[in-house]
Participant: 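Please read through the structure below; I'll follow up with questions.
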Amino acid sequence: MNKIYDLIIIGGGPAGLTAGIYAGRSKLNVLLIEKEGIGGQIILTNEVANYPGIIETTGLNYADQLKQQAKSFGVEIVSEKVINMNFDQDIKEIKTSSNNYKGYSVLIATGASPRKLGFPGEKEFTGSGVAYCATCDGQFFTGMDVFVIGAGFSAAEEAIFLTKFAKKVTVIARESEFTCAKSIADKVLAHPKIEVKFNTEILEASGDFELRSAKFRNNITGEIFEYKPNKDEFFGIFVFVGYEPQSKLFKDIVNLDEQGFILTNEDLETNIKGVFAAGDVRPKKLRQLVTAVSDGAAAAFSIEKYIHELKKQIKAD
């Protein structure tokens with residue numbers, strides 16, 4: 001393939017699609033490569049209610065709107081898996097399962113996935129009782145019982161946040177104590193709406209179209225106990241055991257931090273000139289739709305400037 005794109009985006013979540021919209025609107029020639037469904041993690045969210053300007057929509061609908069908007073600005077979208085790349089020259093090369101592509105710049109927007117525990121029912125009830133973001137989904141469990149799985153900073157902080165909505169929050173921790181700062185742990189332990197069960201793990205969750213039951217085990221005593229809400233009620237299980245960046249493909253190519261997140265400067269450029277990263281694949285304190293699209297817009301702005309300077313240099317040479 002002889003065509004050289006101005007920008008090749010790897011990843012079709014909100015960050016990648018937003019970058020495509022901004023770059024396409026700036027008249028850049030853009031290719032977006034996504035190996036799975038367009039939309040990323042947002043398509044797993046039944047309701048989007050905290051994005052500025054949108055009172056309520058579904059994650060699937062929001063993702064489709066982003067896709068159509070990107071295409072309206074000329075972004076070419078292909079469903080292929082990236083398997084290799086060469087970033088050594090000004091013209092970057094991307095090899096997929098079907099084609100070889102060339103571009104003057106690359107944006108990595110492959111995202112990050114909440115780490116899963118793998119207990120029976122976790123996958124089946126994701127989006128229907130099992131959640132991974134208190135800020136996104138906490139309000140949907142107003143007046144209900146909620147379980148928080150985890151013992152780290154995120155679990156402790158999100159447990160406190162969920163007390164704004166839930167009737168009661170029960171923290172389930174396999175560890176014998178919290179692994180976060182003692183100041184945060186003490187707040188959780190002292191909170192009147194939070195109960196903490198250490199040395200405990202979830203065994204399974206079940207229900208019909210909503211969660212109706214969950215089983216747990218105390219790993220010290222071996223006791224197995226079951227939770228069931230009142231008749232016709234349901235409850236929530238929030239899993240906070242960390243995020244896994246989708247960056248393995250780039251491990252020996254761009255600089256990563258200890259957790260595998262791609263490091264960038266304030267222009268969202270990696271250690272390789274012309275290669276940028278945006279969204280949840282970067283280290284960040286808040287992983288939300290609003291921060292993902294912000295990254296995408298900022299990256300596109302930086303990339304437009306980079307392309308302009310690179311083409312001016314190539315023309316001069």
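Please read these numbers as outputs of a predicted model, since none were measured by experiment. In what follows, every heavy atom counts, from backbone to side chain, and hydrogens, waters and symmetry copies are set aside.
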Participant: Is there a side-chain contact between Lys285 and Thr291 (heavy atoms, below 4.5 Å)?
Facilitator: no

Participant: Could you tell me whether the side chain of Thr110 and the main chain of Gln246 form a donor-acceptor pair under 3.5 Å?
Facilitator: yes

Participant: Could you tell me whether the side chain of Thr170 reaches within less than 4.5 Å of the side chain of Asp145, counting heavy atoms only?
Facilitator: no

Participant: If hydrophobic clusters are built from ILVMFWY residues whose side chains come within less than 4.5 Å, do Leu256 and Leu249 share one?
Facilitator: yes

Participant: Is there any salt bridge (Lys or Arg N to Asp or Glu O under 4.0 Å) pair reaching into residues 299-314, and which pairs are they, with sequence neighbours excluded?
Facilitator: Asp6-Lys311, Glu309-Lys312

Participant: Of the non-hydrogen atoms in Gly150 and Val171, which two are nearest, and what is the gap between them?
Facilitator: O-CG1, 3.5 Å

Participant: Shortest non-hydrogen contact from Gly152 to Cys180?
Facilitator: C-CB, 3.8 Å

Participant: Can you name the closest pair of heavy atoms from Gly207 and Phe125 and give their distance?
Facilitator: N-CZ, 3.4 Å

Participant: Quick one, Tyr104 and Lys92 - any side-chain contact, counting heavy atoms below 4.5 Å?
Facilitator: no

Participant: Do the side chains of Lys197 and Phe216 get nearer than 4.5 Å, heavy atoms only?
Facilitator: no

Participant: Evaluate the side chain to side chain contact (heavy atoms under 4.5 Å, CB included) criterion for residues Tyr51 and Ile42: first the C-alpha distance (whole Å), next the side-chain angles of each, then the deciding distance (0.1 Å), finally the verdict.
Facilitator: CA-CA 12 Å; Tyr51 188 83; Ile42 194 64; over 6 Å; no

Participant: Nearest 0.5 Å, what's the OG1-NZ distance between Thr163 and Lys168?
Facilitator: 13.5 Å

Participant: Determine, stepwise, if the pair Lys193 / Val169 fulfils side chain to side chain contact (heavy atoms under 4.5 Å, CB included).
Facilitator: CA-CA 6 Å; Lys193 290 180 70 175; Val169 176; 5.8 Å; no

Participant: Ignoring hydrogens and angles, tell me if any N or O in the side chain of Ser247 forms a donor-acceptor pair with the backbone of Gly260 under 3.5 Å.
Facilitator: yes

Participant: Do the non-hydrogen side-chain atoms of Lys71 and Ile77 ever get within less than 4.5 Å of each other?
Facilitator: yes

Participant: CZ of Arg217 to CD1 of Ile172: how many Å apart, nearest 0.5 Å?
Facilitator: 12.5 Å

Participant: Let me check something: do Phe225 and Phe147 share a hydrophobic cluster, defined by ILVMFWY side-chain heavy atoms less than 4.5 Å apart, either directly or through other members?
Facilitator: yes

Participant: Just verifying a value: how many Å separate Arg212 CZ and Glu233 CD, rounded to the nearest 0.5 Å?
Facilitator: 9.5 Å

Participant: Could you state whether Ile194 and Phe161 fall into the same hydrophobic cluster, counting links through intermediate Ile, Leu, Val, Met, Phe, Trp or Tyr residues with side-chain heavy atoms under 4.5 angstrom apart?
Facilitator: no

Participant: If hydrophobic clusters are built from ILVMFWY residues whose side chains come within less than 4.5 Å, do Ile202 and Val148 share one?
Facilitator: no

Participant: Is a donor from one side chain sitting under 3.5 angstrom from an acceptor on the other, for Glu80 and Tyr101?
Facilitator: yes

Participant: I'd like to know if the side chain of Gln313 and the backbone of Leu310 have a donor-acceptor N/O pair within less than 3.5 Å.
Facilitator: no

Participant: Locate the shortest heavy-atom distance separating Lys81 from Lys35; write the atom from each residue and the value.
Facilitator: CA-CB, 3.9 Å

Participant: Over all heavy atoms of both residues, which pair between Ile21 and Gln69 is shortest? Give the atoms and the distance, please.
Facilitator: CD1-OE1, 3.5 Å

Participant: Backbone N or O of Ile224 within a donor-acceptor pair of the Lys215 side chain at under 3.5 Å?
Facilitator: no

Participant: Starting at CG of Leu60, measure out to CD1 of Ile38 and round the result to the nearest 0.5 Å.
Facilitator: 12.0 Å

Participant: What residue among Ile237, Val146, Leu162 forms side-chain contact (heavy atoms from CB on, under 4.5 Å) with Phe141?
Facilitator: Val146

Participant: Are the side chains of Phe261 and Tyr243 in contact, using a 4.5 Å heavy-atom criterion?
Facilitator: yes

Participant: Do the side chain of Arg115 and the main chain of Gly242 share a donor and acceptor less than 3.5 angstrom apart?
Facilitator: no

Participant: Take atom CG of Leu286 as the centre, draw a 6.0 Å sphere, and report whether it contains more than 12 heavy atoms from other residues, nucleotides or ligands.
Facilitator: yes

Participant: Using the side chain to side chain contact (heavy atoms under 4.5 Å, CB included) rule, take Glu201 and Leu117 through it: C-alpha gap first, then chi angles, then the decisive distance, then the call.
Facilitator: CA-CA 10 Å; Glu201 64 181 307; Leu117 287 174; over 6 Å; no

Participant: Measuring from atom CG of Asn99 to atom NZ of Lys3, what distance do you get when rounded to the nearest 0.5 angstrom?
Facilitator: 12.0 Å

Participant: Is it true that, when you exclude Lys187 itself, more than 12 heavy atoms of the residues, nucleotides or ligands shown sit nearer than 6.0 Å to its NZ?
Facilitator: no

Participant: Establish, yes or no, whether the cationic atom of Lys116 lies under 6.0 Å from the six-membered ring centre of Tyr132 and within 45° of the ring axis.
Facilitator: yes

Participant: State yes or no: are the ring centers of Phe178 and Phe198 separated by less than 6.0 Å?
Facilitator: yes

Participant: Indicate if Met144 and Val130 have the same hydrophobic cluster label, given that clusters are the connected sets of ILVMFWY residues with side-chain heavy-atom separations under 4.5 angstrom.
Facilitator: no

Participant: What verdict does the side chain to side chain contact (heavy atoms under 4.5 Å, CB included) test give for Lys102 and Glu93, after you've listed the backbone C-alpha separation in whole Å, the side-chain angles of each residue and the deciding distance to 0.1 Å?
Facilitator: CA-CA 5 Å; Lys102 295 181 179 181; Glu93 297 181 17; 4.2 Å; yes

Participant: Within a 6.0 Å radius of atom OH on Tyr22, are there more than 12 heavy atoms belonging to other residues, nucleotides or ligands?
Facilitator: no

Participant: Can you establish whether the number of heavy atoms outside Phe301 located under 6.0 Å from its atom CZ is more than 12?
Facilitator: no

Participant: Side-chain polar contacts of residues 266-279 - donor-acceptor pairs under 3.5 angstrom, sequence neighbours left out - could you list them?
Facilitator:
{"residue": "Glu269", "atom": "OE2", "partner": "Gly274", "partner atom": "N", "Å": "2.8"}
{"residue": "Thr270", "atom": "OG1", "partner": "Ile272", "partner atom": "N", "Å": "3.1"}
{"residue": "Thr270", "atom": "OG1", "partner": "Ile272", "partner atom": "O", "Å": "3.4"}
{"residue": "Thr270", "atom": "OG1", "partner": "Val275", "partner atom": "O", "Å": "2.8"}
{"residue": "Asn271", "atom": "OD1", "partner": "Asn255", "partner atom": "N", "Å": "2.8"}

Participant: I'd like to check Gln259 versus Pro245 (side-chain heavy atoms, cut-off strictly below 4.5 Å). Are they in contact?
Facilitator: no

Participant: May I ask you to test the Val239-Pro114 pair for a side-chain heavy-atom distance under 4.5 Å?
Facilitator: no

Participant: What are the two closest non-hydrogen atoms of Ala292 and Lys284, and how far apart are they?
Facilitator: N-NZ, 4.2 Å

Participant: What is the distance from atom CD1 of Ile9 to atom CD1 of Ile108, rounded to the nearest 0.5 Å?
Facilitator: 12.0 Å

